[in-house]
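Here the structure comes first, spelled out in structure tokens, and everything after it is commentary.
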Protein chains: 4
Amino acid sequence: MNLRERKTAKKKEDILRSASLVISRKGFRQTTMEDIAAELLMTKGSLYYYFKNKEELLFYCHEQILTTVLDKLRKIKQQDSSSSEKMKAAIKIHLDTAIREREIFNLAVKPEQIFSSDYADVIVQKLDEYAELFDQLILHGVQKGEFSVSQKKMARMIILGAANWIQVWYSPEGEFSKEEIEQVYADYLLKILT
Amino acid sequence: MNLRERKTAKKKEDILRSASLVISRKGFRQTTMEDIAAELLMTKGSLYYYFKNKEELLFYCHEQILTTVLDKLRKIKQQDSSSSEKMKAAIKIHLDTAIREREIFNLAVKPEQIFSSDYADVIVQKLDEYAELFDQLILHGVQKGEFSVSQKKMARMIILGAANWIQVWYSPEGEFSKEEIEQVYADYLLKILT
Amino acid sequence: MNLRERKTAKKKEDILRSASLVISRKGFRQTTMEDIAAELLMTKGSLYYYFKNKEELLFYCHEQILTTVLDKLRKIKQQDSSSSEKMKAAIKIHLDTAIREREIFNLAVKPEQIFSSDYADVIVQKLDEYAELFDQLILHGVQKGEFSVSQKKMARMIILGAANWIQVWYSPEGEFSKEEIEQVYADYLLKILT
Amino acid sequence: MNLRERKTAKKKEDILRSASLVISRKGFRQTTMEDIAAELLMTKGSLYYYFKNKEELLFYCHEQILTTVLDKLRKIKQQDSSSSEKMKAAIKIHLDTAIREREIFNLAVKPEQIFSSDYADVIVQKLDEYAELFDQLILHGVQKGEFSVSQKKMARMIILGAANWIQVWYSPEGEFSKEEIEQVYADYLLKILT
DNA sequence: CATGAATGAGCGTTCATTCAT
DNA sequence: CATGAATGAACGCTCATTCAT
């Protein structure tokens, strides 16, 4: 990748970052291309030099975040530690992403409602892998006797649902620090599995 | 309330019911006044006789649902049963509402993002009361020695968050019946409090 | 058809007439919805009350003109007169339409380039019928010994092509009257068939 | 003209050739500067070094084609052959150009609709000369007794109109070869003049 | 000279809202 | 009361054009 290409790649990332920011503030439907451009001190026409339409831009916002969080999750799975420790780590990662990426992470919830099928397929596949990784963590814990839970899928949905909700009320200025919250959530949610 | 007023009130309720339905199907932003009117075999102009604009219509949709669910919750609180039983009942009520009213219930999440401040204030107040009722259930359980939880607010957020998430994956045609799900969720979430 | 519907139908026709006018002046691609609306002293948004998009509006412009001219042509075919007389009458009809409907009539030429397939199919079918009627006139003339022409299809293309071209140079203020032109064209083009 | 100038001139011709090609494929209004640049493996910015805007580029496309075809026509006029032979040759040249340059040739039809007046004037002048050459061919034929036609201008319009129309239906894969078509057209159109 | 990048005006379309009848 | 009709602001998107490098 030469200088030019690096510059373009960098700009694309800038746009994605700004877009994620604005979308988290205003919500996806309310965010216009003009809003995103304004955040970057560009005109909306310029955005189309980098992304072919609003949908594509949004897609890459998701893709980037999901790819990053998936990577982190895969590493946790390969760690050499107890299932409880791994699950706690996974929950913390999830909380961290949910807090930092708010809206974007949340939207991934029903991709078919937002994306045309080509994009939705990719998102769905990543979400499936994400869920699968959690399911494996639970399964291994059960097999090793650490966890005891009969409805594994529902347990996973409860854990992820609870964690996603953090976006609704977390605020940096709140009563608890991010780290405290992550600790308490991890501890409490672990109770479901035991 | 004379006949005319009763007729108008009845019509308003019809509109709210239909609006809730359509919004749950298509999502709030995607639902046009025309969609709502079509469901009622009216024309969109007529809606403006009953509600002064789309925001007001949406507000009353929320208000109605929140009022209903609050009523149910208050009754549970006054029941003569154990805290565990009350909490399980509350969770089931919440799940039931989340499933039946999907979108509407979900929107209540961030009222400031959707409503201008006058409306938002009312919604926020009801949501606060809703949270307060849950907190009281937890507190009483702790006082009676049934529950054991130090971070009461976070426990409540976890429970409600997990329950809200049900919308994302519940389907009438799914593997589990609504009643099974409610039972499992109630059981699992109770673990957090003990 | 009650009063309301008649009013709407009338308005639709008004719009089609105005649209045809503006398109003939400026050409299809250069004509904006705003142009058409302005001609009618409306705003462009209102057009969408009557037609679902620009393509549909244009389609009906064509459909109307083609239907009218086809009707006239069918009647000529059934006349009780010589093939020469019929052909002359047909040419005059064609010239008359080409002059009065200029651009619209011209655009019908390559429907696939302008319309999406559903609309294009209808136009193509009408154009085919139009061509077929001319071909029958030629064929009957040959069978009756009035005409003598081996390449019937090319003869038809030559006749229609020449007639279409009238749009390019005809002007009401020109040297010749419309009737004179029609007479001369009909006479000269008949020579091709004999 | 030094080397640099020759290079530039060559490049300009390349651009005109490619532009004509793309425009014939996609139509003038649908052809973007980007399309033209892509065909030449350039970027659209570069086109502006050679032509000051899209209109100028289009103008030279026309100018080039019209100049070429005018040259051919002048040579035919000076040939030492009968008026019929000359006219047939002229018709074939016209058909050949109409087929090869489709869109461009067609656009010349109403220059005022496409070009600002300075450019339009030049085009109109060339078109006038083109028509004049045809008129002279007809006139000489009449004077020599080969042709017999009272409305010379209309005869010319008929001939050119019919010939232009060839674009609408000619296809290299069609039933007849280009040469066959040219022969039939020339024969049939000559009938008008006799 | 050529290019990548940016711009801005304009277009088709949607939709909440208004209002005369 | 209800409706048909109209409005206008806003949005996503395109593209000819410009310009620093």
Side-chain angles (χ1 to χ4, degrees), chain A residues 2-8 10-12 15 29-37 40-58, chain B residues 4 7-8 11 29-37 40-58, chain C residues 2-5 7-8 11-12 15 29-37 40-58, chain D residues 4 7-8 11 29-37 40-58:
Chain A
N2 63 26
L3 181 63
R4 265 279 141 68
E5 282 165 343
R6 272 216 304 280
K7 255 187 156 175
T8 297
K10 165 112 170 41
K11 187 91 193 188
K12 277 194 174 193
I15 294 175
R29 297 276 170 192
Q30 290 91 290
T31 300
T32 69
M33 292 299 269
E34 189 119 17
D35 291 332
I36 296 169
L40 289 145
L41 304 178
M42 308 168 79
T43 55
K44 62 177 169 174
S46 308
L47 293 178
Y48 288 86
Y49 185 78
Y50 297 97
F51 298 95
K52 86 174 197 286
N53 53 32
K54 193 184 178 184
E55 190 185 12
E56 194 189 275
L57 204 169
L58 186 72
Chain B
R4 168 147 308 161
K7 254 186 150 176
T8 297
K11 189 90 192 185
R29 291 283 162 189
Q30 291 89 287
T31 300
T32 68
M33 292 298 268
E34 187 114 21
D35 291 331
I36 297 170
L40 290 145
L41 304 178
M42 308 169 76
T43 55
K44 60 179 167 176
S46 310
L47 294 177
Y48 286 83
Y49 178 77
Y50 298 96
F51 299 95
K52 95 172 190 286
N53 54 33
K54 194 184 179 185
E55 188 186 11
E56 195 188 272
L57 204 169
L58 187 71
Chain C
N2 64 26
L3 181 63
R4 266 278 141 70
E5 284 165 341
K7 255 188 158 174
T8 297
K11 187 90 192 189
K12 277 194 172 192
I15 294 174
R29 296 278 170 191
Q30 290 89 290
T31 299
T32 70
M33 291 300 268
E34 190 119 18
D35 290 333
I36 297 170
L40 290 145
L41 304 177
M42 307 168 79
T43 55
K44 63 177 169 172
S46 308
L47 293 178
Y48 289 84
Y49 186 78
Y50 297 96
F51 298 96
K52 85 174 197 287
N53 54 32
K54 193 183 179 185
E55 189 185 12
E56 194 188 276
L57 205 169
L58 186 71
Chain D
R4 169 146 306 164
K7 253 186 153 177
T8 297
K11 190 88 191 187
R29 291 282 162 192
Q30 288 91 284
T31 300
T32 69
M33 292 299 268
E34 187 113 21
D35 291 332
I36 296 170
L40 288 146
L41 305 178
M42 308 169 77
T43 54
K44 60 180 168 176
S46 310
L47 293 178
Y48 287 84
Y49 179 77
Y50 298 97
F51 298 95
K52 95 172 191 285
N53 55 31
K54 194 183 179 187
E55 190 186 11
E56 195 188 272
L57 204 170
L58 186 71

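Side-chain atoms are counted along with the backbone in the values below, which use heavy atoms only and exclude waters and symmetry mates. Chain letters run A, B, ... following the sequence lines, proteins first, then strands; residues in each count from 1.
- Residue contacts for Phe51(B): at a heavy-atom cut-off of 4.0 Å it reaches no nucleic acid atom on any strand shown.
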Would you list the atom pairs, donor with acceptor, under 3.5 Å between side chains in residues 45-54 of chain D and any protein atom, with sequence neighbours excluded?
unit_1	atom_1	unit_2	atom_2	d
Ser46(D)	OG	Thr43(D)	O	3.4
Ser46(D)	OG	Thr43(D)	OG1	3.3
Asn53(D)	OD1	Glu55(D)	N	3.2
Asn53(D)	OD1	Glu56(D)	N	2.9
Lys54(D)	NZ	Thr31(D)	O	2.8

Margin query: Please evaluate residues Leu3(A) and Arg6(A) with respect to the criterion side-chain contact (heavy atoms from CB on, under 4.5 Å), reporting the C-alpha separation (whole Å), side-chain torsions for both, the decisive distance (0.1 Å), and the verdict.
Written below: CA-CA 5 Å; Leu3(A) 181 63; Arg6(A) 272 216 304 280; 4.2 Å; yes
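- Here Asp35(C) contributes atom CG and Gln30(C) contributes atom CD; the two are 10.0 Å apart, rounded to the nearest 0.5 Å.
- Ile15(A) places none of its side-chain heavy atoms less than 4.5 Å from the side chain of Lys12(A).
- Partners of Glu34(C) according to the side-chain hydrogen bond (donor to acceptor under 3.5 Å, both in side chains) rule, which considers only residues two or more places apart in sequence or in another chain, do not exist here.
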Got a list of protein N/O to nucleotides 12-16 of chain E N/O distances below 3.5 Å?
unit_1	atom_1	unit_2	atom_2	d
dG12(E)	OP1	Lys54(C)	NZ	2.7
dG12(E)	OP2	Met33(C)	N	2.9
dG12(E)	N7	Lys44(C)	NZ	3.2
dT13(E)	OP2	Tyr48(C)	OH	2.7
dT13(E)	OP2	Lys54(C)	N	2.8
dT13(E)	O5'	Tyr48(C)	OH	3.4
dT13(E)	O4	Lys44(C)	NZ	3.4
dA16(E)	OP1	Lys54(B)	NZ	3.0
dA16(E)	OP2	Met33(B)	N	2.9

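- Taken over five-pair windows at either terminus, the axes of the helix from dA2(E)-dT21(F) to dT21(E)-dA2(F) are inclined to one another by 20° (rounded to 10 degrees).
- Side-chain contact between Met33(B) and Leu57(B): present, with at least one pair of heavy atoms (C-beta onward) separated by less than 4.5 Å.
- Mapping heavy-atom proximity under 4.0 Å, the span of DNA chain F touched by chain D runs 5' to 3' from dC15(F) to dT18(F).
- The CG atom of Leu40(D) sits 6.5 Å away from atom NZ of Lys11(D), with the distance rounded to the nearest 0.5 Å.
- Taking for each of Arg4(B) and Arg4(A) the nucleotide of DNA chain F with the nearest heavy atom, the 5'-most of the two is the partner of Arg4(B).
- Here Lys44(C) pairs with nothing under the side-chain hydrogen bond (donor to acceptor under 3.5 Å, both in side chains) rule; sequence neighbours left out.
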